[in-house]
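For reference, positions follow the sequence shown, starting with 1.
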Amino acid sequence: SHINRDKEELKSLHSIYERQKQETEGRVVALQDQIAQRDAERREAESRTWAAEEKLRASEVKLAEAARREQAHKEEARKVYENEQMRLEYIQELKRRFEEEKRALEAEL
């Protein structure tokens with residue numbers, strides 16, 4: 001009787017062990033799936049981050065080029081303005097000389 005009770009208890013314990021083993025294996029599989037899913041999400045996020053960083057770098061290059069062109073245009077406009085100012089000053093000087101010579105000739109007459 002005592003042996004039968006021990007056998008029944010052993011069967012019960014074995015049954016509990018098998019059930020817990022299956023539950024544990026199920027939890028392990030679920031955890032592995034979660035880890036795999038998180039890894040996939042992390043890789044996707046890293047990929048999106050990398051793509052965004054590439055776009056940002058490309059935009060920065062374009063911005064720098066646009067700023068360089070803008071500076072070149074400003075410099076060219078400044079040179080054109082300075083040349084025009086010098087031309088106007090030269091014309092004013094010619095007019096002044098002409099008026100002086102005209103007065104000098106009129107004074108001689």
Side-chain angles (χ1 to χ4, degrees):
S1 154
H2 182 6
I3 294 175
N4 285 337
R5 227 178 317 138
D6 286 346
K7 282 183 181 180
E8 288 300 317
E9 187 177 342
L10 184 61
K11 284 181 186 177
S12 174
L13 289 174
H14 185 69
S15 172
I16 292 171
Y17 167 77
E18 287 298 322
R19 189 173 55 243
Q20 287 181 346
K21 179 181 170 186
Q22 288 176 355
E23 289 173 359
T24 301
E25 287 173 353
R27 284 194 300 269
V28 167
V29 169
L31 286 173
Q32 289 172 337
D33 289 346
Q34 287 177 355
I35 290 169
Q37 181 180 358
R38 287 180 185 149
D39 285 345
E41 290 170 354
R42 181 186 45 77
R43 284 190 300 276
E44 177 63 26
E46 287 173 351
S47 176
R48 285 192 309 266
T49 299
W50 183 82
E53 288 172 349
E54 284 296 310
K55 285 181 181 181
L56 178 61
R57 281 190 283 278
S59 295
E60 288 171 343
V61 168
K62 288 178 182 179
L63 180 60
E65 179 62 23
R68 187 197 61 75
R69 283 194 313 270
E70 180 185 20
Q71 187 61 34
H73 288 299
K74 284 181 179 180
E75 184 64 24
E76 185 64 29
R78 185 189 60 77
K79 287 179 183 178
V80 167
Y81 177 78
E82 287 176 358
N83 288 341
E84 185 64 18
Q85 286 298 109
M86 288 174 34
R87 189 180 73 77
L88 289 173
E89 289 172 8
Y90 178 71
I91 291 171
Q92 292 296 326
E93 180 62 23
L94 288 178
K95 286 181 180 179
R96 187 188 62 74
R97 287 183 191 169
F98 174 75
E99 289 298 322
E100 285 178 4
E101 288 180 25
K102 181 178 166 186
R103 281 192 295 270
L105 288 175
E106 287 174 348
E108 288 179 16
L109 296 176

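- Checked by atom type and distance alone, the side chain of Ser15 never pairs as donor or acceptor with a backbone atom of Lys11 at under 3.5 Å.
- The pair Glu93-Arg96 counts as a salt bridge, with a side-chain nitrogen and a carboxylate oxygen less than 4.0 angstrom apart.
- Ion pairing of Arg78 with Glu75 is present here, as a side-chain N (NZ or NE/NH1/NH2) and a carboxylate O approach within less than 4.0 Å.
- Taking 4.0 Å as the cut-off between side-chain N and carboxylate O, Glu65 and Arg69 count as a salt-bridged pair.
- Salt-bridge annotation for Glu99 and Lys95: absent, with no side-chain N of the basic residue lying under 4.0 Å from a carboxylate O of the acidic one.
- In this structure, the separation between CD on Glu53 and CG on Leu56 is 8.0 Å, given to the nearest 0.5 Å.
- We find the CD-CZ distance between Gln92 and Arg87 to be 10.5 Å, quoted to the nearest 0.5 Å.
- With hydrogens and angles ignored, the 3.5 Å screen pairs a side-chain donor or acceptor of Thr49 with a backbone N or O of Ala45.
- Note that the CD atom of Gln34 and the CG atom of Asp39 stand 12.0 Å from one another [nearest 0.5 Å].
- A salt bridge links Glu44 and Arg48; the closest N-O separation between the charged side-chain nitrogens and carboxylate oxygens is under 4.0 Å.
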Inset, instruction - Give the intermediate values and the outcome of side-chain contact (heavy atoms from CB on, under 4.5 Å) for residues Glu76 and Val80. - result: CA-CA 6 Å; Glu76 185 64 29; Val80 167; 4.0 Å; yes
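- Between Glu60 and Arg57, none of the side-chain N atoms (NZ, or NE/NH1/NH2) sits under 4.0 Å from a carboxylate O, so this pair counts as no salt bridge.
- A side-chain donor-acceptor contact under 3.5 Å links Thr24 to the backbone of Gln20.
- Side-chain contact between Asn4 and Glu8 is absent, with no heavy-atom pair separated by less than 4.5 Å.
- Each of Glu25, Lys21, Arg19 was scored for a side-chain contact (heavy atoms from CB on, under 4.5 Å) with Glu23, with one residue passing: Arg19.
- Within 6.0 Å of CG on Leu31 lie more than 12 heavy atoms contributed by other residues, nucleotides or ligands.
- The CZ atom of Phe98 lies 10.5 Å from the CZ atom of Arg103; values are rounded to the nearest 0.5 Å.
- If you take CD on Glu70 and CG on Leu63, they are separated by 9.5 Å, rounding to the nearest 0.5 Å.
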